[in-house]
Trainee: 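Quick one: the structure is below, and I'll ask about it shortly.
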Amino acid sequence: MKYYNLVMTEEISEVKLPFEEKIKTKGWTYVSPKKYLELHKETLKDGFWLSLAQKLDWFKKPTIEKTEEKRFFWKWFPDGVLNMSYLCLDSNLKTRKNKVAFFWLGEDGKEKVMTYGDYYRLVNRLAYALYHKFGIRKGDAVSVYMPLIPETPAVLLALARIGAVFSVVFSGFSSQALHDRIIDSKSKLLITADGYYRRGKKILLQENVRNAIHNTDIQNILVFRRLGEGWEKGEKESFSDEILDDTSPSIYFEPEKVESSHPLFILYTSGTTGKPKGILHDTGGYAVLLYATMKWVFDASEDDVFWCTADVGWITGHSYVVFGPMMLGLTSVMYEGVPDYPHPGIWWEIIERYGVSIFYTSPTAIRMLMKYPDEYVKRYDLSSLRLLHSVGEPINPEAWTWFFEYVGGKRCPVGSTWWMTETGGVIISHTPGWKLVPLKSGTNAFPIPGCSVSVLRADGTPADAGERGFLVIDNPFPGMLLTIYGDDKRYVDTYWSRFEGKFYAGDYAIKDEDGYIWVLGRADEVIKIAGHRIGTYEIESSLVGYEGVVEAAVAGVPDEVKGEVPVAFVVLKEGVSPSQELKQKLINIVRNSVGAVAVPKDIFFVSKLPKTRSGKIMRRLMKAVFVGKELGDVSTLEDEATIDEVSKAFYEFKEELKSRSSE
Ligand code: WTA
């Protein structure tokens, strides 16, 4: 493996890094990797997280760090009592009532600026209405199908204020996906918006919502107006302005005092079966991890302007658009649109306009923006930036270097924060707010304080430096999921059984000779499309739902911008002939049953799929054949198969693809 060591400072004497660039320090404390690991060891002691937790504004401060109720089910800070909405709003009122919480910018240029006081008032009114009008109580599940509009954080905070459990469904997901998540979470209320702008087009949500709620328990639908059109009010439906008009602007709704392990939200994410997993998060552990990572990873402080570009439909939007920044009382930016619309410099324009100092985005967005002429980024004054991070997928050295040079002006540390929906917050990252190790382009660097990670071989022994293995988190940590909603067994099987007693992340990783972690990608049937997590099974199940399809397999193949994209291999029923129309039909089926993010780049009609003797589809082999690899590269890829099986399947599939290549 090739490393690019981009930063070297005089303070580091133990490591010799062959690099010329220097970063202008802004109060960072540099340490060598060796020193980092020494200091880090100190943080792994019992009581470390408890002492940190004490810094939060609890109703009742915890005195116990954690208990293990039954094997693998931990409760963090079990005797602590708090409320997330209180932490994000009430705690900030004294000193930050008129401080800007969000600068929101719509794709159509519409701007809205909301202070902490604005949110406090809106959240109190909303919570009151949700409680009195819709009968929402502590523990009730509520589905939220909202785009990135200024009211979205208020909705989540209002639900948290009541102690209700919210389940956000990405607004780009299909009605089928929304339906499944409403059913699984048993929601009685759905909160949504009339629509949003995407690349100049008005995207309306009413039809999706109407199609999703059939045969569910939904009794009420609350609609926020973003477009002000495209929603005909129907039965069970109320507009937010109507219900808010019934409340007084200065109404106070007392936050429910919840125990630390009270669930804050469910977020559905893809796993290795067709059914998405409802990842259930607690309140106290999650809050502590966010607080800690906002400080260590993002080095956030009072004067910063924070911009995390994620959508609220994904975990990054939950943790680092809404709760992390609001707990710290930061000023943040929210942009409705895509990175290059209405023009390819819009993100840089926004950074200049609001003076963003901490910028958190995805490698896909960076790769997309670096394709445009450099003039777009050079045109704007980005000198307010001081720290850059990426998330969601590995960042390739080229994208890292461009981000470092053109966006960060070689002044700003650039990190790649590794974490998952299940971990709630960042687990592996550069930690400039604590100690900063030399940067290497594309590494995830080290576990944060209080967490330990390892790279293991399949047999559970530690991999050597530079050897690919499976990433595990060695110890339970605050912020980790409570369970998979309604499926404790799947929780234990998925995360704690592959390597007994360690949290199995499902990623391949390498630890290099300095101890840096490099996460390489998923080791299971999950793909990251533009950083979005989609299970190959989800796409496959929608394809086989079509009557003419016997079998389907989906593999993630490399894509220059999106990192990975799905391609599908489909076996048709006898008598059904392949055609362009059929391809289009299948693509629409995926769009309607999963969502536009999951649409295959191409579909190949084949006569059979390569399988192991035990019947497992060899997806990795298919991917390797598709991208033109040789047999030598793939013979060890399929765990359960013998070399002979793989070799036979490899040549057969290669022939098959050659003879049926798609037009
Ligand atoms: C991948 C996103 C490499 C990884 C917060 C993980 C990454 C999955 C990185 C979780 C990174 C996330 N470098 N890979 N910095 N960050 N991943 O649940 O494969 O949407 O398992 O959470 O994203 O995706 P999820």
Side-chain angles (χ1 to χ4, degrees), residues 168 170 172-173 265-272 276-281 286 289-290 293 297-298 308-321 323-324 360-367 388-397 399-400 403 414-431 439-448 453 455 468 470-473 479-481 484 494-495 498 503-511 516-536 538 556 562-564 597-598:
V168 180
F170 175 50
F173 274 158
F265 66 92
I266 308 171
L267 182 56
Y268 287 87
T269 189
S270 300
T272 52
K277 302 180 278 196
I279 304 300
L280 189 71
H281 277 284
Y286 180 66
L289 182 65
L290 293 191
T293 51
V297 175
F298 295 102
C308 165
T309 62
D311 188 276
V312 70
W314 309 95
I315 189 69
T316 311
H318 284 57
S319 302
Y320 298 108
V321 174
F323 301 109
Y360 190 30
T361 191
S362 70
T364 292
I366 298 165
R367 286 191 295 261
L388 307 173
H389 274 300
S390 75
V391 63
E393 44 177 326
I395 182 165
N396 49 312
W400 191 98
F403 201 32
V414 173
S416 169
T417 65
W418 176 90
W419 56 295
M420 315 171 68
T421 305
E422 290 85 339
T423 68
V426 176
I427 297 297
I428 310 175
S429 175
H430 282 288
T431 51
L439 308 178
K440 300 184 187 186
S441 62
T443 183
N444 303 105
F446 290 93
I448 60 166
V453 305
V455 177
R468 187 183 81 164
F470 299 96
L471 180 69
V472 297
I473 305 175
M480 58 188 277
L481 72 168
I484 294 176
T494 309
Y495 305 109
R498 176 74 174 81
F503 178 89
Y504 173 57
D507 277 321
Y508 284 126
I510 281 176
K511 195 188 261 196
Y516 286 62
I517 303 286
W518 301 70
V519 174
L520 306 174
R522 298 291 308 179
D524 57 9
E525 267 69 52
V526 167
I527 47 180
K528 298 292 309 233
I529 309 165
H532 301 324
R533 178 167 163 185
I534 304 287
T536 49
E538 286 170 83
K562 293 183 174 176
E564 265 187 313
V597 278

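We count ligands from 1, going down the list as the structure has it; atoms in each ligand are counted the same way.
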Trainee: Just distances here: any N/O of Ser390 and N/O of ligand 1 closer than 3.5 Å?
Mentor: no

Trainee: Check Glu564 with Arg522, please: is the shortest side-chain N to carboxylate O separation under 4.0 Å?
Mentor: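 Salt bridge between Arg522 and Glu564, a charged N being under 4.0 Å from a carboxylate O: no.
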
Trainee: Assess the pair Phe503 and Tyr495: is the distance between their ring centroids shorter than 6.0 Å?
Mentor: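 Aromatic pair counts; centres sit under 6.0 Å.
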
Trainee: Where do Ile510 and Val455 come nearest, in terms of heavy atoms and distance?
Mentor: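 For Ile510 and Val455, the tightest heavy-atom pair comes out as C-CG2, 4.2 Å.
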
Trainee: With respect to atom 7 (C) of ligand 1, which of His389, Glu393, Lys528 exhibits the smallest heavy-atom separation?
Mentor: Glu393

Trainee: Salt bridge between Glu525 and Arg533, side-chain N to carboxylate O under 4.0 Å?
Mentor: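 Salt bridge flag = no for Arg533 with Glu525.
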
Trainee: Which protein heavy atom lies closest to atom 6 (C) of ligand 1, and at what distance to 0.1 Å?
Mentor: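 So the nearest neighbour among protein heavy atoms is Asp507 OD2, 3.1 Å.
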
Trainee: Counting only heavy atoms closer than 4.0 Å, does ligand 1 sit against the backbone of Met420, its side chain, both, or neither?
Mentor: both

Trainee: In terms of ring plane angle, is the pair Trp314 and His532 parallel, tilted or perpendicular, where the classes change at 30° and 60°?
Mentor: parallel

Trainee: If the contact criterion is a heavy-atom separation under 4.0 Å, does Pro394 count as touching ligand 1?
Mentor: yes

Trainee: Using heavy atoms and a 4.0 Å limit, tell me yes or no: is Trp314 in contact with ligand 1?
Mentor: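 The answer is no, since Trp314 has no heavy atom less than 4.0 Å from ligand 1.
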
Trainee: So if I count the atoms of ligand 1 from 1 in the order they appear, which ones are less than 4.0 Å from some heavy atom of Thr417?
Mentor: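 Listed by number with element, the hits are 9 (C), 11 (C), 15 (N), 16 (N).
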
Trainee: How are the rings of His318 and Phe323 set relative to one another: parallel (under 30°), tilted (30 to 60°) or perpendicular (over 60°)?
Mentor: tilted

Trainee: Kindly give the heavy-atom pair with the smallest separation between Thr423 and Leu289, and that separation in Å.
Mentor: O-CD2, 3.2 Å

Trainee: Thr316 heavy atoms, cut-off 4.0 Å: which ligand 1 atoms fall inside?
Mentor: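 Counting from 1, the qualifying ligand atoms are 5 (C).
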
Trainee: Using a strict cut-off of 4.0 Å, indicate which atoms of ligand 1 neighbour a heavy atom of Asn444.
Mentor: 11 (C), 13 (N), 15 (N)

Trainee: Considering only heavy atoms of Ile315, which atoms of ligand 1 have at least one such atom less than 4.0 Å away?
Mentor: 5 (C), 22 (O)

Trainee: Starting from atom 16 (N) of ligand 1, find the nearest protein heavy-atom neighbour and note its residue, name and distance.
Mentor: Gly392 N, 3.1 Å

Trainee: Ignoring hydrogens and angles, state whether a donor on the side chain of Tyr320 or Thr293 is under 3.5 Å from an acceptor on the partner side chain.
Mentor: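 Yes, side-chain donor-acceptor contact under 3.5 Å.
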
